[in-house]
Undergrad: 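Here you go, one structure.
Keep in mind the model is a prediction, meaning the values are calculated, not measured. Order of the sequence lines fixes the chain letters, A, B, ..., with proteins taken first and strands second; residue numbering starts at 1 for each chain.
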Protein chains: 2
Amino acid sequence: MKATIRDVAKLAGVSVATVSRVINKLGGVRPETEQRIEKAMEELQYIPNVLARSVASKKTKLIGMIVPDVENPFFAAVFSGADKVVREYAYTTLLGGSNDTYEREENLLQTMLEHQASGILLTPTFPKAKWVERMGNRVPTCLIDRDMEGMNCDRVLIDNRRGTYEATKLFIQKGHTQLAIITGPLESTPGRERFEGFKQCLHDFSIELNQDYIQIGDFHSGSGYQLGKRLLKLNHPPTAILSCNNLMTIGLLEMIHTSSIRLGEDLGVIGFDDIPIATLMHPNLTVVSRPMREMGECAAEMLLQRIQNPNQPNRTVIMSPHLIVRGSESIFS
Amino acid sequence: MKATIRDVAKLAGVSVATVSRVINKLGGVRPETEQRIEKAMEELQYIPNVLARSVASKKTKLIGMIVPDVENPFFAAVFSGADKVVREYAYTTLLGGSNDTYEREENLLQTMLEHQASGILLTPTFPKAKWVERMGNRVPTCLIDRDMEGMNCDRVLIDNRRGTYEATKLFIQKGHTQLAIITGPLESTPGRERFEGFKQCLHDFSIELNQDYIQIGDFHSGSGYQLGKRLLKLNHPPTAILSCNNLMTIGLLEMIHTSSIRLGEDLGVIGFDDIPIATLMHPNLTVVSRPMREMGECAAEMLLQRIQNPNQPNRTVIMSPHLIVRGSESIFS
DNA sequence: CCCATAAATGTAAACGTTTAGATTTTTTCT
DNA sequence: AGAAAAAATCTAAACGTTTACATTTATGGG
């Protein structure tokens, strides 16, 4: 069977404590003893059991990460950044996708707590959840991208309002006055804040907000397609559409592609989040871009620091998106 | 501090064994006792420690999954499918990205073995690795997408040759005779097999294989861009390019987009793996499509079955790709 | 109502580690 | 060489579970 620390100790002719010391690089072991132990480990193909270690030490090198959708490139990038940092700290990430359902999110959290995760990286599905007080604050947590009520924790957010404000301003500067938005659920921070930035900008430039031009989707490509269609079927269709996430933008572009409308000629479009498609369009797609990997890195960094020093005050990092102007915003040439 | 099974037992006035029985739903507990225990668990906010459980029972509900790149939509989809099944079996997935480096792959495997993963889902970076005999067969494993020497395990692969054969055949049927390929490293199964399917088809149709038309990339978008450029700069450039993975296809399309060449008019293109961009091009991109999620599901299913029954013979499932013809393959209209 | 049997519950030893504290060995200084 | 100090090593109890086995309690037949 699998070799244990006892087998190693016996073969090396030392006690388990000494073996433990070399495994954990605690020093205080004579070089020759250390070599003997290492040889024994090699010979027995010994692999330490971190579970037993965690039980004994009451510490774990596990970080739980919960995102709505692992296949969404945004969250994939955030995970990628977070996981990189987590590994640098010699921790391991437990990843789960909630599929934006309450049940699964709670379930994932439970799983991660059962696994004694030392910290949680969470992009919550809903802005409030019953489980917050029961299990929300049992463990250091860092929220990413979306906020949540009642969480006593760190946060890495995006200045969504500014992102859509700048995009809207660009539209206006290019001459648009018929501005539409496809945003996400207003209960979610990104959905609401992105809408607010849009609204604020229209207000600042004294442009009237047409209620028909406000479309609420679900952050998936299907709704980008459907809502885009609805907008263009209006008696007075908008001349510009601001699409508030990557997947909905893809849906919207698909819809445009199958219609007779020409991007950048009949309709201006700006997307939220950069996508590989952006530079393959005619004209190239203007987008609000976010530092996705950096968000993950930052969140992981904050979380791991808090794990080491649990009593530091909560921090909220708000990152700035920036506009990448490529041409698709304008129809007036 | 955190409540333990002992605290629950004490509060409910029973022994830990009885509590353990209700946690694990083993039955043989009087309903009234069970209720008392459940009430105690609720009251103490008890969350079982699965690590301790694993140490005691010598079993874990953990599956390790190692893929080259988590951000590649193909692997994201495979993970998604695998994780779905893994959760259905009440297991949890530990995901890691090797970034196609040997060191990291070995490191990840070590980590997963340390965590006592009950099984491994692996898309190996290299077709042979030194660690295979040392740790490759310690635990039930299922290889996905890429094969590896000396692994005594299950496999879920793709009929790569058939995929590129069909694509090449379509090119030929559309009148192409100047056929180029951008494939991946020939040491990797996908790189080699996709090239072989291409070569075989040319041979079957008695078309000479121009050595200049064979370009070996690294499965990343940059090489799609560079190699595409190199192909089109030839004195006798090809009229058709078969791009052998999703990222290289994106790179290739970017290169085409920035050049004066028109897709579907000057150059036919077929990609391997479907991508969202495909239906946003003019003409739409023809691709070899694979059941990505299903590959993950199938692999997870096989792995979990093997965990339950370790002695069943090894199985290799070879899934078929299929061509989605959308127009970009033809330049003769 | 008693006994046999079945059902429910309890006891205690494992599981593979870590880690105080105790003990031994080595080094250093005189 | 011997004592004191420092370094290395060991002992054994914990960590929170599971689980075989022992014991108690309930059930049913006569």
Undergrad: What do the steps show when you test B:R293 against A:E71 for salt bridge (Lys or Arg N to Asp or Glu O under 4.0 Å), and what is the final call?
TA: CA-CA 11 Å; B:R293 256 219 203 66; A:E71 291 192 64; 2.7 Å; yes
Undergrad: Is B:G13 touching bases, backbone alone, or none of the nucleic acid, heavy atoms closer than 4.0 Å?
TA: sugar-phosphate
Undergrad: When B:Y89 is tested against each of B:E301, B:Q308, B:K61 for side-chain hydrogen bond (donor to acceptor under 3.5 Å, both in side chains), which residue passes?
TA: B:E301
Undergrad: Produce a footprint string for nucleotides 16-28 of chain C: one letter per nucleotide, 5' end first; B if the base is under 4.0 Å from any protein heavy atom, S if only the sugar-phosphate is, - if neither.
TA: BBSB------S--
Undergrad: Among residues 107-120 of chain B, which contact DNA chain C at a heavy-atom distance under 4.0 Å?
TA: none
Undergrad: Could you tell me whether the side chain of B:S118 reaches within less than 4.5 Å of the side chain of B:K59, counting heavy atoms only?
TA: no
Undergrad: If we check side-chain hydrogen bond (donor to acceptor under 3.5 Å, both in side chains) with B:D154, which of these qualifies: B:R306, B:Q312, B:R315?
TA: B:R306
Undergrad: Within the structure provided, determine whether B:N137 and B:M151 are in side-chain contact (heavy-atom separation under 4.5 Å).
TA: yes
Undergrad: Are side-chain heavy atoms of A:K2 and B:R138 found at a separation under 4.5 Å?
TA: yes
Undergrad: Would you say a side-chain N or O of A:T33 is under 4.0 Å from OP1 or OP2 of D:dA8?
TA: no
Undergrad: Among B:N245, B:D100, B:D69, which residue meets the side chain to side chain contact (heavy atoms under 4.5 Å, CB included) test with B:F219?
TA: B:N245
Undergrad: Could you check if a side-chain atom of A:D145 sits within less than 4.5 angstrom of a side-chain atom of A:V78, using non-hydrogen atoms only?
TA: no
